[in-house]
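What follows is a set of notes on a single structure, which appears directly below.
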Amino acid sequence: MSIVPKETIEVIAQSIGIPNLSPDVALALAPDVEYRLREIIQEAIKCMRHSKRTVLTTDDMDSALNLRNIEPIYGFASGDPLKFKRAIGHKDLFYLDDREVDFKEVIDAPLPKAPLDTAVVTHWLAIEGVQPAIPENPPIEAIVAPQDGKKMDHGKDDLPVDLKLPIKHVLSRELQLYFDKIGELILLRPETALFKEALLSLAKDSGLHPLVPYFSYFIADEVSRNLSNLSILFALMRVLKSLLSNPHIHIEPYLHQMMPSIITCLVAKRVGEQVSDNHWAIRDFAAKLVASICRRYGHVYHNLQSRLTKTLIHAFLDPSKALTQHYGAIRGLSALGPSVVRLLILPNLETYMQLLEPEMQLEKQKNELKRKEACRVYGSLLLAAGSCLYDRLRLFPGLLSPPDRQPWKTNKKIALTHLPKNKRKASSTLNSHQPPTKKLAVDPTGANSQFPSTDGPATSSSSGSNPNHHHSHNSSNNNSSNAGNTTNTNTNINNATGGGVHAQRVSGSAVLRQAWKEDMDAGHLLSSLHSLFGEGIFSFIQPAEMHCFI
Amino acid sequence: MEDEDIEKAVLAYLRKKGLKLTELALQEEQSRLSSDASHSRSQNVADRYFDGYSRLRSWAYNSLDSYKHELLRVLYPVFIHCFMDLVAQGYMQEARTFFHTFREDHEMMHLRDLQKLEGILSPSHLEEMELARFSRQNKVKIRLCQYSYGLLLQFIHKTKSFDMLGVINQHINFEVTPGQPTSISDDSEAVSLVGASQDLARELNQKELHWGLLEDSVEERMEKALSDSDRTEVEGNKEGDPEENNKKKTDGNKQGTSVSNKKKKDKAVGATGKTTRSETSMVSVAPRVKSELTLPQLPPEVELSILEDLRNRAQLNSLALPSVSFYTFLHTHNGLNCSAISHDGSLVAGGFSDSSVKVWDMAKIGQPGRASNSQGENGSMQGMHSLASDEAKRPYSLLQGHSGPVYSVSFSPFADFLLSSSSDNTIRLWSTRLNANLVCYKGHNFPVWDAQFSPVGHYFATASHDRTARVWSMERIQPLRVMAGHLSDVDCVQWHPNCNYIVTGSSDKTVRLWDVQSGECARLFIGHRSMVLSLAISPDGRFMASGDEDGTIIMWDLSTGRSVSPIMGHNSCVWTLAFSCEGTLLASGSADCMVKLWDVTSSMKALKTDESKSGPTSRLRLLKALPTKSTPVYNLRFSRRNLLFAAGALSAGS
């Protein structure tokens, strides 16, 4: 009859010391208990409303009891909702899970942190009826949604607010302007100082994150459309680089959209309008970009690098692909690091050289353009192999090759002295002034000490800016390597002393047998590379080793 | 009687022989027989009610469409009275089943009443619960058209359901009107509390009401000054308009003196008015009334600051929405019960459940822009600076004195006093200059839910759990008037702009308007379906807005006492309402973390043109919904320059 069962009344009676309440009394009391409960709750709700709350608390119940002149129930004041548990064996009997607390524990416990004092802060909820997008106001999405709902509800009152139908994501007006401006700069004025500022802003500004999907789409779109326009491609790649370097942007989810456009720039068959365009530079830039992405996000996406290398090695090993594509693939692979070069390029080097060699020779390849391209590829291969070798040698600076490879070293030595000569000749003949190489020619040791710091970029940039020079240099290398071996007698003397020093070291370094082995590998590597590249490879050997050889 | 004798003899015999078991068995048998009898009797009564009501119900639901809603209206009073009859006769169980069987029909309209009635479980409760007692004692008035009435009588006679007839005769008064049945949209009255309240309301709402604005207000003088400077020649014409209006509402013989008064003051103000010319009228053309209270004089510097504000007031309408400055209370730990903002936004007060009142001076916190709004305030602010500097680094002034949760705070019009009301049955007056308690007003017997200063200061009104509203003056510790009449708690109170009336909202779901001078109820507004939480009266004094627990906002026409436009404005309690200074916009703040702006002018215009039609079909138009970041809106206030201030406590987590 009442929602309070008579069992409850009996239990309550027991708890206050009336052991056997007659069932009649319990039955008669139950409805009244319910009525009183409702009455108290009704009053408690009033207290709740006047405390401007929508959740009833134990305080409200106490206030309601106070209103009725009843002693409040002590001990229930708590911030958390009370947890009632079902009594085992009884269907409708609940009790409060009240843990016993050791008094000592309470006393010993450290004082809790004092709650923060009440404060009042102000902000603009609206300025002339428009909510400014500031952190104090709820995000814009939240604003749009309820209004939509309201519009549905009150079909009659047409709101004067211009609402577009459900947009999940709303860009602020400022961001839209920003995006449009950047797009305009990329497409129309990529050379201006303003664009440089824009790149800086892209790399540093926080709050650009909402634009990332738009940018990634924009870049992908424009790359495919503007493959013939080098300057735009360059601008796009620069924008990408800036975005990647922005610490406030979480770019990972968009990488999959960006990678294809970078790889396109790297290994496209034709980039740029005319053959004379310097498309090599953009390939180099893209290669570096790709490598930096791999370094940064390789640990998040395990297959990122493997997929990339697969694509590149595919391009590299396919003889039907153009040489420009080979070049891009090689650059991309070598940018990924020496170990990638060692694992993927070096094993294929010999076969590839057989393919490449005829292309470079004047007699066999009549098309000068093709020949130049081949030389480019050769240069990039040389660079890749060389940096790999450099890396190997650098790992074991104090170690040297076993004596049985002495002849190779002499050879190396000779080649080294030979190389500057060639370069000097080349530079003087072709009238392209190159300070580092010149310096190398004048003072080999000094130049070498400088060389490692600049080796990658310097070579690539010199080759980039002056393909003719490189070409002639390489071809002369090939043609006149034998001659070089026989020329300089002076070096032979040096070589003899170097060998002596070397012998001393060998006796002392027995403990490092394993390292020896590695070094031997390096030596083998050097020898094989030398057989392929001639003395060009020696420019990658660090001066420390050089000293040993000298 | 013979049976009983025999039984007694048998029992005595058994007892004598010591046959206890037999005796018990016999007794048991007897009691079972008797309870059976009573049970079957109760079954009969309950069944009769049950059958009667369900037949009436199915008949009403199957009646003709055009008369159906009228007949359905009869069902609810019959239903609750059947239930209460059953309870009164002691058939609890049957009453319960009856109640639950048909409860669903009425849930939509009367949910809260039903929840209350559900608790009635014994005849004594009927006496105790005021809703039940009230509806038992009073007859419901239901308006039926001739034909519906005929149908009903016919049905009752045909089915011979005399129980229903009894209930209907006992508790319902039919007002039979000739002609067509009333339209459904008129139902608002049928929704309200059962009882004679409609009668009462109708009677009350016949009374004369002078809803016009006070004559000789600062605004009026300003307006006058402007029109004077505009065209001094046609002054005679201009003067004629308000006079005509006045004649409608007030006695003509008062006019002579007031006009001459006005002219004197006009000359004084005219000089300032000429310099800055405002383009449109500040005050709508409302009739003027004389104050029935002795009003305090405005200090001249305050008057100047008001004039300054009036000149710089932003014009608001449906196209020019206000700026809203939001004051967020942080770290309140659910303890903030109420808040108040001074007219210029420089002072913000909060009343807390730990009995304290805290006042923040926003100028000190580092928002100097807003504080400089008022020149009149500078003096008081400096006073506070010097005093508060002795206090610890607290960024607010702490006012302690109450001994129970503080349920409302209110600033005097010029922010030099603060009122607070508390559950300790007292109201306290504080000085914001001295940061000290000045007076403690005792008089209410129960928690004081609301206290509001009058628009001119000096007087204030309070609302309490003791079902009365009281009007006080600052200088007396006894109330000047006690307004009694609400059937439940008075939850909120608000002054009419002309200070001759106050309006009160109550838990009995009605709003009443009281004449301050006589202390009598002048209007009764019926239409809310739950506790009324907030009230606001338009600046021209003609309309009132009230918000309730369910989120409904109703606009009322004070002169007729009829609702203009009920709307479901919010999803949760409407804590606060405020009209813009010209009365063009209504702002509402709610527990659903929204500030909404409503267009008043368009709906009121629609009302004026449609006045010939009976149906109040026009609705408030929503102009803008401004969500806050999980901050329920406790308080809204338009400054005199029409900047909207809002306040609320951040309720993170919950």
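Residue numbers begin at 1 in each chain, while the letters A, B, ... track the order of the sequences.
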ask   = Does some side-chain heavy atom of B/Trp360 sit less than 4.5 Å from a side-chain heavy atom of B/Leu347?
value = no

key: Under 4.5 Å from any heavy atom of chain A - which part of B/Val406   = neither

inquiry  = Tell me if a side-chain donor or acceptor on B/Asp361 pairs with a main-chain N or O of B/Ala363 at a distance below 3.5 Å.
reply    = yes

message = Shorter than 4.5 Å, heavy atoms on both sides: which option in B/Ile120, B/Thr332, B/Thr628 has the most such pairs with chain A?
response = B/Thr628

ask   = Should the heavy atoms of other residues, nucleotides or ligands under 6.0 Å from CZ of A/Arg68 be counted, would the total exceed 12?
value = yes

ask   = Going by atom types alone, do A/Tyr178 and A/Ser201 pair a side-chain donor with an acceptor below 3.5 Å?
value = yes

query = Taking atom types as modelled, is there a side-chain donor on A/Ser22 or A/Asp24 under 3.5 Å from an acceptor on the other?
reply = no

ask   = Mind checking whether B/Tyr407 and A/His50 have parallel, tilted or perpendicular rings, split at 30° and 60°?
value = perpendicular

key: Under 4.5 Å from a heavy atom of chain A, the part of B/Phe446 involved   = side chain

Set of side chain to side chain donor-acceptor pair (under 3.5 Å) partners for B/Thr576, sequence neighbours left out = none

ask   = Under 3.5 Å, is there a donor-acceptor pair between the B/Ser507 and B/Asp489 side chains?
value = no

remark   = Note: B/Ser590 and B/Trp575 closest approach over all heavy atoms is C-CD1, 3.9 Å

message = Need one label for B/Ser423: side chain, backbone, both or neither, based on atoms under 4.5 Å from any heavy atom in chain A.
response = neither

ask   = Taking A/Glu128, A/Glu136, A/Glu43 one by one, which has the highest count of heavy-atom pairs under 4.5 Å against chain B?
value = A/Glu128

Options A/Ile45, A/Asp117, A/Leu125, A/Asp32, ranked by heavy-atom pairs under 4.5 Å with chain B, top entry = A/Leu125

query = Checking B/Leu336 against chain A: side chain, backbone, both or neither under 4.5 Å from a heavy atom?
reply = backbone

ask   = So what's closer than 4.5 Å to chain A heavy atoms on B/Asp491: side chain, backbone, both or neither?
value = both

ask   = Of the backbone (N, CA, C, O) and the side chain (C-beta and beyond), which part of B/His125 lies under 4.5 Å from a heavy atom of chain A, both, or neither?
value = both

query = Heavy-atom distance under 4.5 Å between the side chains of B/Ser580 and B/Gln315, does that happen here?
reply = no

remark   = So, the part of B/Ser488 with a heavy atom under 4.5 Å from chain A: the answer is side chain

query = Which answer fits B/Ala591, side chain, backbone, both or neither, if we ask what part of it has an atom under 4.5 Å from a heavy atom of chain A?
reply = side chain

remark   = Highest number of heavy-atom pairs under 4.5 Å with chain B among A/Ile127, A/Leu67, A/Thr54 belongs to A/Leu67

Contacting region of B/Gln115 [heavy-atom separation from chain A under 4.5 Å] = backbone

Pairs of heavy atoms under 4.5 Å with chain A: top-ranked of B/Cys573, B/Ser122, B/Ala95 = B/Cys573

key: Interface moiety of B/Pro322 toward chain A, non-hydrogen atoms closer than 4.5 Å   = backbone

